[in-house]
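Note that the structure is a prediction, hence the values are computed from the model and not measured.
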Amino acid sequence: MPPADPAALREFASRLVAWQRREGRHDLPWQNTRDPYRIWLSEIMLQQTQVSTVIPYYARFLEAFPTLADLAAAPLERVLELWSGLGYYARARHLHACAVAVCAQYGGHFPPSPELIAQLPGIGRSTAAAIGAFAFDCRAAILDGNVKRVLTRCFGIAGFPGSPRVEKGLWALAEALLPEAPDMVAYTQGIMDLGAGLCARSKPACVLCPLQEHCVARREGRQEELPEGKPGKAVPERQVSACIFHDGERILLERRPPSGIWGGLLTLPEAGTEESAPAQAQRLGLDLLAAAPLPPLRHTFTHFRLILSPWLCRVGPERMLREGSWEWLPWSRVGEAALPAPIKKLLLGLEGAQAAPSASSGN
DNA sequence: AATGCGGGGTG
DNA sequence: CACCCAGCATT
């Protein structure tokens, strides 16, 4: 799936690195250090948490625990107190366990390999790569929300980025894009800076982007469609058929109850899928002259999808049928009637055809 | 492969 | 109000 052109892949990193050194962030509290402890602490706090939220917590942590050994020696309760308000409290427990583990297993020094780092508590593949890159120049790829957004847009990758299939492809692409070791810090910081700044979720600043000439989403105008959202749960579907009973001049409609779906509006007489048009016509005491099926109409509500199969039914000139909730609406008044939008649209599309009833398009 | 975890920001 | 955010661990 990824464009296998090696030159294009290299171009991605070199442009990003140059841009980061020129325009990226360089003064965040956890930058300008190679201390794995400080880098690790920031990466854990930044999991699912925005930069502005983290900054004050990060400062307080370093004040309370200047070194990894201080953190490992502290009681967990103290760590939790300082974490209070940051959320995802398992991170704090894992943080403490990780400090203890690094002291016990590695003499207080993080191992300089993402594979080993990822074995530690609270550290997954992406966080391990970030620590490895920032602290040791390791050539390892991160894949967080920012990176997913940049990659799906730049390479036009469809599908929900959280799905295993798409995510697998994104990891492979992220690794194929990595620059050589000396550029790993600027590259890793750059792809996050780009995602957090220019390549924002809405209204990305494409004109300022160092990758604009390579970006598939920009070229195709699909910035707002990528990355694709999480597919909603399968909405329940309801199938109904509805007859457009008309005598050439007027349509038979039903006034719905004041509350509930389409409360108080006029709609087509509905039936289940079982009841045929003739049966329904007979039930309503209509003289059915002709019936033709129309293409099904889909309409989505908050909690379900309605699939409406309309029948266009010509009926004989009928007596009033005024009783109850029935009303005859002239075709000419469809536009201004109190009809649900999809029904009105359907009827307006048919109105022209009524002027020339013989115009039976072949379809 | 899907869920829970959490507080804060945004359209 | 729904969705997203420098994800990970657990089921």
Side-chain angles (χ1 to χ4, degrees), chain A residues 16 20 24-31 33 36 38-58 61 80 82-98 101 114-115 117-135 140-153 159-171 174 184-204 223-235 300-303:
Chain A
L16 191 54
Q20 204 285 325
R25 296 175 289 189
H26 298 94
D27 299 306
L28 294 170
W30 41 87
Q31 290 185 288
T33 179
R38 295 183 168 231
I39 292 165
W40 161 69
L41 179 61
S42 75
E43 292 300 330
I44 300 302
M45 288 186 164
L46 287 162
Q47 287 168 2
Q48 297 294 104
T49 309
Q50 296 182 348
V51 167
S52 58
T53 305
V54 164
I55 287 177
Y57 284 86
Y58 185 74
F61 255 78
L80 289 169
L82 285 163
W83 198 274
S84 172
L86 250 194
Y88 283 122
Y89 296 93
R91 289 186 296 173
R93 295 192 296 274
H94 290 138
L95 185 83
H96 188 251
C98 184
E115 291 76 18
I117 295 173
Q119 304 299 309
L120 293 163
I123 303 180
R125 182 172 174 181
S126 188
T127 299
I131 297 169
F134 287 133
I142 62 168
L143 188 63
D144 56 28
N146 284 332
V147 179
K148 285 175 177 173
R149 190 166 53 251
V150 171
L151 296 186
T152 53
R153 282 179 175 162
F160 172 53
S163 76
R165 182 184 65 83
V166 177
E167 188 160 308
K168 189 179 172 190
L170 288 172
W171 273 115
M184 276 304 298
V185 171
Y187 175 83
T188 304
Q189 187 64 49
I191 201 164
M192 293 191 296
D193 289 352
L194 196 65
L198 303 190
C199 200
R201 188 155 63 87
S202 60
K203 298 184 192 168
Q223 296 95 320
E224 298 290 344
E225 299 160 34
L226 294 172
E228 287 184 15
K230 183 175 184 171
K233 290 176 192 145
V235 268
T300 304
F301 293 92
T302 322
H303 47 298

Can you check the A:Met45 CE to C:dC8 P distance for me, whole Å? 16 Å

CG of A:Leu80 versus P of B:dG7: gap in Å, rounded? 14 Å

The correct set of residues in residues 122-135 of chain A placing a heavy atom under 4.0 Å from DNA chain C is A:Gly122, A:Ile123, A:Gly124, A:Arg125, A:Ser126, A:Thr127

Taking all heavy atoms of A:Arg149 and all of A:Ala200, pick out the closest pair and write down the distance. NE-C, 3.7 Å

Atom CG in A:Leu194, atom CD in A:Gln20: separation rounded to 0.5 Å? 10.5 Å

Using heavy atoms to find the nearest nucleotide of DNA chain C for A:Leu120 and A:Asp193 separately, return the residue whose nucleotide is more 5′. A:Asp193

How long is the line joining CZ of A:Arg165 and P of B:dA1, in whole Å? 12 Å

Measure from CD1 on A:Ile55 to P on C:dC5 and round the result to the nearest Å. 19 Å

May I ask you to test the A:Val166-A:Phe160 pair for a side-chain heavy-atom distance under 4.5 Å? no

Is there a side-chain contact between A:Ile44 and A:Thr127 (heavy atoms, below 4.5 Å)? yes

How would you label the contact of A:Ile39 with the nucleic acid (heavy atoms, under 4.0 Å): base, sugar-phosphate, or nothing? nothing

What is the nucleic acid contact for A:Glu224, judged by heavy atoms within less than 4.0 Å: base, sugar-phosphate only, or nothing? nothing

Expressed in angstrom and rounded to an integer, what is the separation of A:Trp83 atom CH2 from B:dG7 atom P? 13 Å

If you round to the nearest 0.5 Å, how far is CD1 of A:Ile123 from CD1 of A:Ile131? 4.0 Å

Can you confirm whether A:Tyr57 sits close enough to A:Thr49 that some side-chain heavy atom of one is under 4.5 Å from a side-chain heavy atom of the other? no

Between C1' of C:dC8 and CD1 of A:Ile117, the distance in whole Å: 16 Å

Using atom CZ of A:Phe160 as one end and atom P of B:dA1 as the other, report the distance to the nearest whole Å. 14 Å

Hey, does A:Val54 have a side-chain heavy atom less than 4.5 Å from the side chain of A:Phe61? no

Nearest 0.5 Å, what's the CD-OG1 distance between A:Glu225 and A:Thr152? 11.5 Å

Output one line per pair: protein atom, nucleotide atom from nucleotides 9-11 of chain B, and distance, for all N/O pairs under 3.5 Å.
none

Distance between the C1' atoms of B:dA1 and C:dC5, in whole angstroms? 22 Å

Within less than 4.0 Å of OP1 or OP2 of C:dC5, is there a side-chain N or O belonging to A:Arg149? yes

Is there a side-chain contact between A:Phe134 and A:Gln31 (heavy atoms, below 4.5 Å)? no

Rounded distance (nearest 0.5 Å) linking atom OG of A:Ser42 with atom CD1 of A:Ile55: 11.0 Å

Counting C-beta onward and ignoring hydrogens, is there a side-chain heavy-atom pair between A:Trp40 and A:Ile117 closer than 4.5 Å? no

Pairwise N/O distances under 3.5 Å, protein to nucleotides 4-6 of chain B:
residue, atom, partner, partner atom, Å
B:dC5, N3, A:Tyr88, OH, 3.1
B:dG6, OP1, A:Tyr89, N, 2.6
B:dG6, O5', A:Tyr88, N, 3.3
B:dG6, O4', A:Tyr88, N, 3.3
B:dG6, N7, A:Tyr88, OH, 2.8
B:dG6, O6, A:Tyr88, OH, 2.2
B:dG6, N1, A:Gln48, O, 3.0
B:dG6, N2, A:Gln48, O, 3.3
B:dG6, N2, A:Thr49, OG1, 3.3

Do A:Arg125 and A:Leu143 touch side chain to side chain, with heavy atoms closer than 4.5 Å? no

Using atom P in both nucleotides, what's the gap between B:dG8 and C:dA9 to the nearest angstrom? 24 Å

Judged by nearest nucleotide, the residue sitting upstream toward the 5' end of DNA chain C, A:Glu228 or A:Trp171, is A:Glu228

Atom-pair distance (CG on A:Leu170; C1' on C:dG7), nearest Å: 15 Å

Taking any heavy-atom pair under 4.0 Å as a contact, classify A:Gly85: base, sugar-phosphate, or nothing. sugar-phosphate

